[in-house]
Number of protein chains: 2
Amino acid sequence: MNIGEASERSGLPSKTIRYYEDIGLIRPERGGNGYRDYAATDIHKLRFLQRSRGLGFSVEECRQLLALYEDKSRASADVKSIAEAKLSEIDRKIRELTELRHTLEHLVHACHGNERPDCPILEELSDSAA
Amino acid sequence: MNIGEASERSGLPSKTIRYYEDIGLIRPERGGNGYRDYAATDIHKLRFLQRSRGLGFSVEECRQLLALYEDKSRASADVKSIAEAKLSEIDRKIRELTELRHTLEHLVHACHGNERPDCPILEELSDSAA
DNA sequence: TATGAACCTTCCCGCAACTGGAAGGTCAAC
DNA sequence: GTTGACCTTCCAGTTGCGGGAAGGTTCATA
(Lines give C-alpha, C1' and ligand atoms only; values in the text may rest on other atoms or scores of the structure.)
Protein backbone atom coordinates (compact mmCIF):
# COMPACT_ATOMS: atom_id res chain seq x y z
CA MET A 1 0.00 0.00 0.00
CA ASN A 2 1.19 3.49 -0.84
CA ILE A 3 2.06 6.15 1.69
CA GLY A 4 -1.22 8.00 1.19
CA GLU A 5 -3.26 5.04 2.31
CA ALA A 6 -0.80 4.31 5.12
CA SER A 7 -1.35 7.87 6.22
CA GLU A 8 -5.12 7.48 6.26
CA ARG A 9 -5.01 4.18 8.09
CA SER A 10 -2.51 5.28 10.71
CA GLY A 11 -3.76 8.80 11.24
CA LEU A 12 -0.28 10.20 10.62
CA PRO A 13 0.58 12.72 7.87
CA SER A 14 2.72 11.38 5.03
CA LYS A 15 5.45 13.81 6.01
CA THR A 16 5.56 12.35 9.49
CA ILE A 17 5.67 8.79 8.16
CA ARG A 18 8.64 9.64 5.94
CA TYR A 19 10.28 11.31 8.89
CA TYR A 20 9.82 8.22 11.02
CA GLU A 21 11.50 6.23 8.28
CA ASP A 22 14.33 8.77 8.14
CA ILE A 23 15.07 8.30 11.80
CA GLY A 24 14.82 4.53 11.51
CA LEU A 25 11.54 3.77 13.22
CA ILE A 26 10.04 1.90 10.30
CA ARG A 27 11.41 0.34 7.12
CA PRO A 28 8.77 -0.26 4.48
CA GLU A 29 9.49 -2.18 1.29
CA ARG A 30 9.90 -0.36 -1.99
CA GLY A 31 8.02 -1.14 -5.17
CA GLY A 32 9.61 -1.28 -8.63
CA ASN A 33 8.63 2.35 -9.18
CA GLY A 34 10.46 3.48 -6.06
CA TYR A 35 7.26 4.03 -4.13
CA ARG A 36 7.14 2.96 -0.48
CA ASP A 37 5.03 -0.13 0.02
CA TYR A 38 3.50 -0.57 3.46
CA ALA A 39 2.51 -3.97 4.80
CA ALA A 40 -0.05 -4.60 7.53
CA THR A 41 2.67 -4.83 10.18
CA ASP A 42 3.95 -1.41 9.14
CA ILE A 43 0.49 0.08 9.61
CA HIS A 44 0.36 -1.59 12.99
CA LYS A 45 3.62 0.07 14.00
CA LEU A 46 2.51 3.42 12.67
CA ARG A 47 -0.68 3.28 14.70
CA PHE A 48 1.39 2.28 17.70
CA LEU A 49 3.54 5.35 17.14
CA GLN A 50 0.53 7.58 16.63
CA ARG A 51 -0.98 6.48 19.93
CA SER A 52 2.17 6.60 22.00
CA ARG A 53 3.08 10.04 20.65
CA GLY A 54 -0.44 11.12 21.52
CA LEU A 55 0.18 9.94 25.07
CA GLY A 56 3.09 12.31 25.31
CA PHE A 57 5.95 9.90 24.78
CA SER A 58 8.89 11.44 22.97
CA VAL A 59 10.00 9.89 19.70
CA GLU A 60 12.95 8.30 21.48
CA GLU A 61 10.66 6.84 24.10
CA CYS A 62 8.46 5.54 21.31
CA ARG A 63 11.52 3.88 19.83
CA GLN A 64 12.11 2.10 23.13
CA LEU A 65 8.46 1.11 23.46
CA LEU A 66 8.44 -0.17 19.90
CA ALA A 67 11.57 -2.23 20.58
CA LEU A 68 9.97 -3.66 23.70
CA TYR A 69 6.81 -4.31 21.75
CA GLU A 70 8.73 -6.35 19.21
CA ASP A 71 10.80 -8.16 21.82
CA LYS A 72 8.55 -11.03 22.81
CA SER A 73 10.74 -11.90 25.77
CA ARG A 74 10.69 -8.48 27.43
CA ALA A 75 9.36 -8.10 30.94
CA SER A 76 6.31 -5.95 31.45
CA ALA A 77 8.30 -4.16 34.19
CA ASP A 78 10.52 -2.62 31.50
CA VAL A 79 7.52 -1.03 29.85
CA LYS A 80 5.98 -0.04 33.15
CA SER A 81 9.07 1.84 34.25
CA ILE A 82 9.08 3.94 31.09
CA ALA A 83 5.41 4.72 31.56
CA GLU A 84 5.94 5.56 35.22
CA ALA A 85 8.79 7.93 34.39
CA LYS A 86 6.53 9.64 31.88
CA LEU A 87 3.78 9.80 34.47
CA SER A 88 5.92 11.63 36.99
CA GLU A 89 7.16 13.93 34.25
CA ILE A 90 3.56 14.79 33.46
CA ASP A 91 2.89 15.36 37.15
CA ARG A 92 5.83 17.72 37.33
CA LYS A 93 4.60 19.67 34.31
CA ILE A 94 1.12 19.93 35.79
CA ARG A 95 2.56 21.21 39.07
CA GLU A 96 4.68 23.80 37.28
CA LEU A 97 1.79 24.98 35.15
CA THR A 98 -0.46 25.21 38.18
CA GLU A 99 2.02 27.42 40.00
CA LEU A 100 2.36 29.54 36.89
CA ARG A 101 -1.40 29.79 36.71
CA HIS A 102 -1.63 31.05 40.28
CA THR A 103 0.99 33.72 39.75
CA LEU A 104 -0.50 34.87 36.49
CA GLU A 105 -4.06 34.84 37.80
CA HIS A 106 -2.99 36.94 40.74
CA LEU A 107 -1.47 39.46 38.37
CA VAL A 108 -4.46 39.52 36.08
CA HIS A 109 -6.82 40.12 38.98
CA ALA A 110 -4.66 42.91 40.31
CA CYS A 111 -4.73 44.72 36.97
CA HIS A 112 -7.59 47.10 36.41
CA GLY A 113 -7.53 46.57 32.68
CA ASN A 114 -8.65 50.06 31.87
CA GLU A 115 -7.36 52.97 29.80
CA ARG A 116 -4.96 54.12 32.47
CA PRO A 117 -1.32 53.23 31.97
CA ASP A 118 -0.53 51.91 35.45
CA CYS A 119 -0.43 48.12 35.30
CA PRO A 120 0.50 45.77 38.17
CA ILE A 121 1.46 43.07 35.70
CA LEU A 122 4.22 45.11 34.15
CA GLU A 123 5.27 46.38 37.55
CA GLU A 124 5.65 42.89 38.84
CA LEU A 125 7.55 41.75 35.76
CA SER A 126 9.78 44.73 36.02
CA ASP A 127 10.51 45.23 39.68
CA SER A 128 10.00 42.50 42.17
CA ALA A 129 11.12 38.94 42.57
CA ALA A 130 8.38 36.95 40.87
CA MET B 1 29.24 46.20 32.31
CA ASN B 2 30.30 43.09 30.39
CA ILE B 3 28.02 40.27 29.37
CA GLY B 4 29.23 38.02 32.17
CA GLU B 5 28.04 40.41 34.84
CA ALA B 6 24.83 41.11 32.91
CA SER B 7 24.29 37.38 32.93
CA GLU B 8 24.74 37.14 36.69
CA ARG B 9 22.51 40.10 37.39
CA SER B 10 19.73 39.06 35.07
CA GLY B 11 19.83 35.35 35.72
CA LEU B 12 20.09 34.64 32.00
CA PRO B 13 22.97 32.72 30.36
CA SER B 14 25.28 34.81 28.19
CA LYS B 15 24.26 32.74 25.20
CA THR B 16 20.64 33.66 25.75
CA ILE B 17 21.48 37.34 26.14
CA ARG B 18 23.34 37.34 22.84
CA TYR B 19 20.42 35.52 21.27
CA TYR B 20 18.00 38.16 22.55
CA GLU B 21 20.19 40.77 20.94
CA ASP B 22 20.25 38.80 17.68
CA ILE B 23 16.47 38.85 17.51
CA GLY B 24 16.33 42.51 18.41
CA LEU B 25 15.03 42.46 21.97
CA ILE B 26 17.90 44.49 23.43
CA ARG B 27 20.62 46.70 21.98
CA PRO B 28 23.53 47.22 24.34
CA GLU B 29 26.32 49.68 23.61
CA ARG B 30 29.72 48.44 22.47
CA GLY B 31 33.03 49.33 24.07
CA GLY B 32 36.18 50.21 22.11
CA ASN B 33 37.29 46.59 22.34
CA GLY B 34 34.09 45.34 20.73
CA TYR B 35 32.73 44.02 24.00
CA ARG B 36 29.04 44.52 24.73
CA ASP B 37 28.46 47.13 27.42
CA TYR B 38 25.24 46.81 29.41
CA ALA B 39 23.65 49.77 31.15
CA ALA B 40 21.28 49.57 34.10
CA THR B 41 18.24 49.84 31.83
CA ASP B 42 19.50 46.87 29.83
CA ILE B 43 19.74 44.80 32.99
CA HIS B 44 16.24 45.89 33.83
CA LYS B 45 14.97 44.67 30.48
CA LEU B 46 16.86 41.41 30.78
CA ARG B 47 15.31 40.73 34.18
CA PHE B 48 11.94 41.61 32.71
CA LEU B 49 12.56 39.06 29.97
CA GLN B 50 13.78 36.47 32.42
CA ARG B 51 10.62 36.79 34.51
CA SER B 52 8.14 36.90 31.68
CA ARG B 53 9.76 33.91 29.98
CA GLY B 54 9.59 32.14 33.32
CA LEU B 55 5.86 32.88 33.42
CA GLY B 56 5.46 31.02 30.16
CA PHE B 57 5.23 33.92 27.74
CA SER B 58 6.76 33.20 24.36
CA VAL B 59 9.61 35.35 23.16
CA GLU B 60 7.22 37.12 20.80
CA GLU B 61 4.82 37.80 23.64
CA CYS B 62 7.74 39.10 25.67
CA ARG B 63 8.54 41.44 22.82
CA GLN B 64 5.00 42.80 22.97
CA LEU B 65 5.09 43.12 26.75
CA LEU B 66 8.43 44.89 26.57
CA ALA B 67 7.06 47.31 23.99
CA LEU B 68 4.04 47.97 26.20
CA TYR B 69 6.35 48.38 29.17
CA GLU B 70 8.30 51.04 27.34
CA ASP B 71 5.22 52.78 25.98
CA LYS B 72 4.18 55.09 28.80
CA SER B 73 0.87 55.87 27.13
CA ARG B 74 -0.40 52.31 26.77
CA ALA B 75 -3.53 51.16 28.54
CA SER B 76 -3.26 48.48 31.19
CA ALA B 77 -6.03 46.67 29.32
CA ASP B 78 -3.55 45.87 26.53
CA VAL B 79 -1.29 44.06 28.95
CA LYS B 80 -4.17 42.38 30.71
CA SER B 81 -5.51 40.89 27.51
CA ILE B 82 -2.16 39.32 26.69
CA ALA B 83 -1.94 37.89 30.19
CA GLU B 84 -5.50 36.60 30.03
CA ALA B 85 -4.86 34.88 26.73
CA LYS B 86 -1.81 33.25 28.26
CA LEU B 87 -3.85 32.23 31.28
CA SER B 88 -6.42 30.36 29.23
CA GLU B 89 -3.65 28.76 27.23
CA ILE B 90 -2.15 27.50 30.48
CA ASP B 91 -5.56 26.21 31.53
CA ARG B 92 -5.87 24.32 28.30
CA LYS B 93 -2.45 22.76 28.73
CA ILE B 94 -3.29 21.71 32.28
CA ARG B 95 -6.52 20.12 31.09
CA GLU B 96 -4.73 18.22 28.33
CA LEU B 97 -2.01 17.00 30.64
CA THR B 98 -4.57 15.92 33.23
CA GLU B 99 -6.41 13.81 30.67
CA LEU B 100 -3.12 12.33 29.56
CA ARG B 101 -2.30 11.59 33.16
CA HIS B 102 -5.53 9.70 33.69
CA THR B 103 -5.02 7.54 30.63
CA LEU B 104 -1.43 6.78 31.46
CA GLU B 105 -2.14 6.10 35.11
CA HIS B 106 -4.84 3.68 34.13
CA LEU B 107 -2.36 1.82 31.94
CA VAL B 108 0.36 1.80 34.57
CA HIS B 109 -2.01 0.40 37.16
CA ALA B 110 -3.18 -2.30 34.81
CA CYS B 111 0.37 -3.48 34.18
CA HIS B 112 1.77 -6.04 36.58
CA GLY B 113 5.29 -4.80 36.12
CA ASN B 114 6.84 -8.19 36.61
CA GLU B 115 9.14 -10.52 34.68
CA ARG B 116 6.36 -11.85 32.50
CA PRO B 117 6.07 -10.51 28.98
CA ASP B 118 2.36 -9.76 28.90
CA CYS B 119 1.86 -6.04 29.25
CA PRO B 120 -1.44 -4.17 29.00
CA ILE B 121 0.36 -0.96 28.16
CA LEU B 122 1.78 -2.31 24.94
CA GLU B 123 -1.47 -4.09 24.18
CA GLU B 124 -3.36 -0.86 24.50
CA LEU B 125 -0.88 1.04 22.38
CA SER B 126 -0.98 -1.66 19.78
CA ASP B 127 -4.56 -2.79 19.47
CA SER B 128 -7.37 -0.67 20.70
CA ALA B 129 -8.55 2.83 20.11
CA ALA B 130 -6.78 4.85 22.77
C1' DT C 1 -2.63 9.43 -27.86
C1' DA C 2 -2.19 13.34 -25.24
C1' DT C 3 -2.81 15.61 -21.22
C1' DG C 4 -4.07 16.84 -16.70
C1' DA C 5 -4.81 15.65 -12.01
C1' DA C 6 -3.36 13.27 -8.30
C1' DC C 7 -0.20 10.72 -6.61
C1' DC C 8 4.71 9.68 -5.40
C1' DT C 9 10.03 10.78 -4.86
C1' DT C 10 14.16 13.47 -2.80
C1' DC C 11 16.00 17.56 -1.03
C1' DC C 12 16.49 21.57 1.53
C1' DC C 13 14.74 25.35 4.41
C1' DG C 14 12.20 26.90 8.38
C1' DC C 15 10.07 26.98 13.03
C1' DA C 16 11.25 28.06 18.85
C1' DA C 17 14.46 29.12 21.79
C1' DC C 18 18.10 28.32 22.66
C1' DT C 19 22.94 25.32 23.64
C1' DG C 20 27.49 23.72 22.43
C1' DG C 21 31.72 24.25 20.34
C1' DA C 22 35.44 26.05 17.35
C1' DA C 23 38.58 29.70 16.26
C1' DG C 24 40.26 33.68 17.65
C1' DG C 25 40.80 38.53 20.15
C1' DT C 26 41.42 40.94 24.97
C1' DC C 27 42.53 41.74 29.57
C1' DA C 28 44.46 41.29 34.19
C1' DA C 29 47.56 38.94 37.12
C1' DC C 30 51.78 36.84 38.21
C1' DG D 1 55.53 36.42 28.62
C1' DT D 2 52.38 33.41 29.54
C1' DT D 3 48.49 31.59 31.71
C1' DG D 4 43.63 31.73 32.27
C1' DA D 5 39.41 33.92 32.23
C1' DC D 6 37.04 36.67 29.75
C1' DC D 7 35.02 38.28 25.30
C1' DT D 8 33.90 38.01 19.99
C1' DT D 9 31.66 35.74 15.71
C1' DC D 10 29.95 31.95 13.31
C1' DC D 11 28.22 27.37 12.51
C1' DA D 12 25.83 23.26 13.83
C1' DG D 13 22.62 20.72 16.58
C1' DT D 14 18.43 20.06 19.27
C1' DT D 15 12.71 18.17 18.67
C1' DG D 16 9.31 16.81 15.51
C1' DC D 17 7.93 17.76 12.08
C1' DG D 18 5.66 21.26 7.92
C1' DG D 19 6.21 23.79 3.50
C1' DG D 20 7.48 23.87 -0.90
C1' DA D 21 10.41 23.08 -5.07
C1' DA D 22 11.61 20.06 -8.83
C1' DG D 23 10.71 16.11 -10.83
C1' DG D 24 8.91 10.99 -11.78
C1' DT D 25 4.52 7.78 -12.02
C1' DT D 26 -0.08 6.39 -12.65
C1' DC D 27 -4.59 6.64 -14.07
C1' DA D 28 -8.68 8.54 -16.13
C1' DT D 29 -10.52 11.09 -19.62
C1' DA D 30 -10.93 13.84 -24.03
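All chains are named by letter (A, B, ...) in the order of the sequence lines, taking the proteins before the strands, and each is independently numbered beginning at 1. Computed from a predicted structure; not experimentally measured.
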*Asks:* Using a cut-off of strictly less than 4.0 Å, decide whether B:R63 has a side-chain nitrogen or oxygen near OP1 or OP2 of C:dA16.
*Replies:* no
*Asks:* As a test of reading the structure: which of C:dA17, C:dT10, D:dG20 is closest to the side chain of B:R53, going by heavy atoms?
*Replies:* C:dA17
*Asks:* Quickly work out the B:E5 CD to C:dC27 C1' distance and round it to whole Å.
*Replies:* 16 Å
*Asks:* Looking at the side chain of A:Y19, which of C:dT26, D:dG16, D:dT26 is the nearest nucleotide?
*Replies:* D:dG16
*Asks:* Of all the choices, D:dT26, C:dA17, D:dC17, which nucleotide is nearest to the side chain of A:N33 once you look at every atom?
*Replies:* D:dT26
*Asks:* Please state how far atom CG in B:N2 lies from atom C1' in C:dC27, giving the value in whole angstrom units.
*Replies:* 10 Å
*Asks:* Is the backbone N or O of A:L12 less than 3.5 Å from a side-chain atom of A:S7, with the two atoms forming a donor-acceptor pair by type?
*Replies:* yes
*Asks:* Quick check: any donor-acceptor pair below 3.5 Å linking the side-chain of A:K15 to the base of D:dG16?
*Replies:* no
*Asks:* For A:Y38 and for B:P13, locate the closest nucleotide of DNA chain C by heavy-atom distance; then report the residue assigned to the nucleotide nearer the 5' terminus.
*Replies:* A:Y38
*Asks:* Which of the following nucleotides, D:dC10, D:dT25, D:dT8, is nearest to the side chain of B:R18?
*Replies:* D:dT8
*Asks:* Got a salt bridge between A:D37 and A:R30, using NZ or NE/NH1/NH2 to carboxylate O under 4.0 Å?
*Replies:* no
*Asks:* Any chance you could measure A:I90, atom CD1, to B:R101, atom CZ, to the nearest 0.5 Å?
*Replies:* 8.0 Å
*Asks:* What is the separation between atom CZ on B:R36 and atom C1' on D:dC6, rounded to the nearest whole Å?
*Replies:* 13 Å
*Asks:* To the nearest Å, how far apart are A:E21 CD and D:dC17 P?
*Replies:* 15 Å
*Asks:* Nearest to the A:V59 side chain among C:dG25, D:dG16, C:dC7, which nucleotide is it?
*Replies:* D:dG16
*Asks:* Starting at CD1 of A:I17 and ending at P of D:dG16, how long is that distance when rounded to a whole Å?
*Replies:* 17 Å
*Asks:* Where the side chain of A:I3 is concerned, which of D:dG18, C:dC8, D:dC7 is the nearest nucleotide?
*Replies:* C:dC8
*Asks:* For B:F57 and for A:Y35, find the nucleotide of DNA chain C with the closest heavy atom, then tell me which residue's nucleotide is more 5'.
*Replies:* A:Y35
*Asks:* For A:E8 and C:dC7, give me the distance from atom CD to atom C1', rounded to whole Å.
*Replies:* 12 Å
*Asks:* Counting just side-chain N and O atoms, does A:T16 come under 4.0 Å of either OP1 or OP2 of D:dG18?
*Replies:* yes
*Asks:* For A:S14, which contact category applies under a 4.0 Å heavy-atom criterion: base, sugar-phosphate, or nothing?
*Replies:* nothing
*Asks:* Measure from CG on B:D37 to P on D:dC7 and round the result to the nearest Å.
*Replies:* 12 Å
*Asks:* In this structure, which one of B:R53, B:R63, B:K15, B:R27 forms a side chain to side chain contact (heavy atoms under 4.5 Å, CB included) with B:Y20?
*Replies:* B:R53
*Asks:* In whole angstrom, give the distance that lies between atom CG of B:L46 and atom P of C:dC18.
*Replies:* 12 Å
*Asks:* Which of these passes side-chain hydrogen bond (donor to acceptor under 3.5 Å, both in side chains) with A:Y69: A:H44, A:K45, A:R74?
*Replies:* A:H44
*Asks:* To the nearest 0.5 Å, what is the distance between OG1 (B:T103) and CZ (A:R51)?
*Replies:* 12.5 Å
*Asks:* Kindly say whether, by distance alone, the side chain of A:Y20 makes a donor-acceptor pair under 3.5 Å with the base of D:dG16?
*Replies:* no
